[in-house]
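Every value quoted in this text rests on a predicted model; they were computed, and no experiment measured them. Below, chains carry the letters A, B, ... as their sequence lines are ordered, and counting in each starts from 1. Below, all heavy atoms of this structure are taken into account, side chains as well, without hydrogens, waters or symmetry copies.
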Amino acid sequence: MEQIGFGIISACLLGAALGVVTGKNLVHSVLWLAVTLVTTAALYVFLNATFLAGIQVILYTGGVITLMLFGVMLTRRDERVMVENEQNGRRLWIAALAALGLFALLAAATFKTPGLPRTQAEPTTTDAIGRAFLTEHLLAFEVLSLLLLAAMVGAIVLARRHDAGADARGGL
Amino acid sequence: MDAWLSNPFVHGLVYGVVVVTALMTVTAWSIWFERKFAGRMQSRTGPTLVGPYGLLQPLADALKLLQKEDIVPKDADRVLFNVAPPLTVLFALGAAAVVPWGPEQIAADLDVGVLFILAMGGMVVFPVWIAGWASNNKYALLGGMRSVAQGISYEIPLVMAALVPVVLCGSMSVSDIVRFQLEHGWLIYSAPVVGFLAFLLFFLASLAEANRIPFDIPEAESELVAGVTTEYTGMKFGLFYLAEYLHTLVISAVASALFLGGWGGIGGLAPGLHWMVLKTLLLFGAIFWIRWTLLRFRADQLMTLCWKYLVPGGLALVMAAAAWVHWGAFAGTTATPAPAPAEQGAR
């Protein structure tokens, strides 16, 4: 039963990922990426990491993809709202080589890792994740928050530089 | 029979069918109720012709919508245009899966139920945006953009408000949160001020996410024609309409479970299910009341309210809730102050 479920979800994931790279329309690619991220979350559920799956959907699909859609719409001001994805022969080859290299690297790493668990992992509790964040990985966690703060300040500076009067007129 | 029902697939299927049917039925007649209610508020009578007191009006509306011509604009993105309406209904209904209607009546008792509800809420903006973009129409696109801006902004106070019960009860499972409230009293009063304010914040942010007045600028019929639904006809338009009401209904149910003690009633007068339904319907009615009382916000006022008042307020509430738990308000409960959920608020 689990095998079948895993097969279906993996097939969806691969199909959606193909949709991202082969799509001619940029907006379609972004939407396929959203499907990819949601199916990845489904895989996390299979790995008994439900918390991670929920966060994946909220942060990536709810946050990042929404921002990408926004970005696509705001940066290109075409006559028609269709945005084309550029494709040419040489780039295709470079991309294929890069993808193959990454695949080889990941495959090698996976096969070299000894003792991968063969049974389903114990469900991780939110409590354990929180404790790990605030004890073992405290430094990484704090650095990450600093990075996010820097990104936020940067975004505000960039947005303000071009259009100082935006606030007075009201954003959108 | 019991062994058969406890099979997760059968359980999910049975509860899915029952919950979806019930929600759809309530939604259909809530439109009748809203029209009557709005009519009375404006000294009109509302629908009276179809059936006694106009009770068959929802059926007539549905039949009318089904008979309309199905138009897809020539320059529209055909696939996305057709995919958007069913998706809105799907995401609006999604959160209902983890809402406990009674001690045993729950479709899927997830450990991370609150997270699931928030994830579904976050996805709701997608189909609306897709509809706006695929229509290839200026007004629809503007409506779609507004909906994305509003959705991602109000997602943040919504998450923070939902974190307050999670922090107070130390669990992300909706049914655990209700059980906690049965023991310690409804969160709206058992955690004074914090619980009540969190409830208000949750309610406001959910209204914004469901695009209800006073937060319905993505639709804003008087300035954007009809926003994202401009190009839609017949039942596809009907699905958007349905999804909006469904979302509001599901939100009322979630708010009742998280803050109003779920299936807990007063003095055991009736089985839990009745109380849960009663609370949900009362909140649902309150939303109609707000809709016919208030006006629509301007887009910039909406953003100001969210970023300058609700987000800082939400942060303060999460911290207050954490402090409340840390200094042992609910005596005799688990000593773990649930550090992980508090993290999320910081992201």
Side-chain angles (χ1 to χ4, degrees), chain A residues 1 25 27-28 30-31 34-35 37-38 41 44-45 48-74 80-83 123-135 141-142 144-145 148-149 166-172, chain B residues 9 75 77 79-80 83 110-126 129-130 132-138 141-142 144-146 148-152 155-156 159 166 170-172 217 298-304 307 334 336-344 346-347:
Chain A
M1 198 71 213
N25 187 321
V27 171
H28 287 186
V30 174
L31 291 175
V35 179
L37 293 170
V38 172
Y44 291 157
V45 174
N48 245 339
T50 41
F51 180 75
L52 191 61
I55 293 294
Q56 162 96 2
V57 174
I58 292 182
L59 281 187
Y60 283 91
T61 320
V64 174
I65 294 288
T66 328
L67 284 178
M68 279 172 109
L69 287 175
F70 227 51
V72 171
M73 302 309 307
L74 287 182
R80 293 180 44 175
V81 281
M82 300 296 175
V83 184
T124 334
T125 61
T126 318
D127 192 86
I129 297 174
R131 273 172 207 286
F133 260 139
L134 287 183
T135 53
F141 183 70
E142 291 298 331
L144 199 66
S145 54
L148 284 177
L149 183 69
D167 197 41
R169 293 198 310 273
L172 271 176
Chain B
F9 288 99
D75 281 340
D77 191 318
V79 178
L80 289 182
V83 148
L110 295 185
D111 300 340
V112 289
V114 176
L115 211 57
F116 181 81
I117 292 169
L118 294 173
M120 279 294 155
M123 306 272 272
V124 168
V125 293
F126 269 102
W129 188 89
I130 292 175
W133 187 80
S135 301
N136 208 355
N137 170 308
K138 273 181 200 142
L141 187 63
L142 271 176
M145 298 288 278
R146 281 182 172 190
V148 178
Q150 183 176 329
I152 52 179
E155 175 92 5
I156 298 164
V159 168
V166 171
S171 170
M172 281 207 160
I217 55 161
R298 243 173 27 220
D300 61 313
Q301 290 171 332
L302 191 85
M303 290 297 159
T304 311
W307 290 104
T334 48
T336 38
E343 292 316 316
Q344 267 178 271
R347 284 190 196 173

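- Only the side chain of A:L67 has a heavy atom closer than 4.5 Å to any heavy atom of chain B.
- Contact of A:S145 with chain B is not made at all, since no heavy-atom distance falls under 4.5 Å.
- Within the 4.5 Å cutoff, the side chain of B:W129 has no heavy atoms near those of the A:T66 side chain.
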> Do A:V57 and B:F116 pass the side-chain contact (heavy atoms from CB on, under 4.5 Å) test, and can you show the C-alpha distance, the side-chain angles, and the key distance before you say yes or no?
Replying inline: CA-CA 9 Å; A:V57 174; B:F116 181 81; over 6 Å; no
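- For the pair A:V27/A:L31, a side-chain contact is recorded, criterion being any heavy-atom separation below 4.5 Å from C-beta on.
- Within the 4.5 Å cutoff, no side-chain heavy atoms of B:W133 are placed close to those of A:L69.
- Most heavy-atom pairs under 4.5 Å with chain B: of the set A:T61, A:V38, A:L144, this distinction falls to A:T61.
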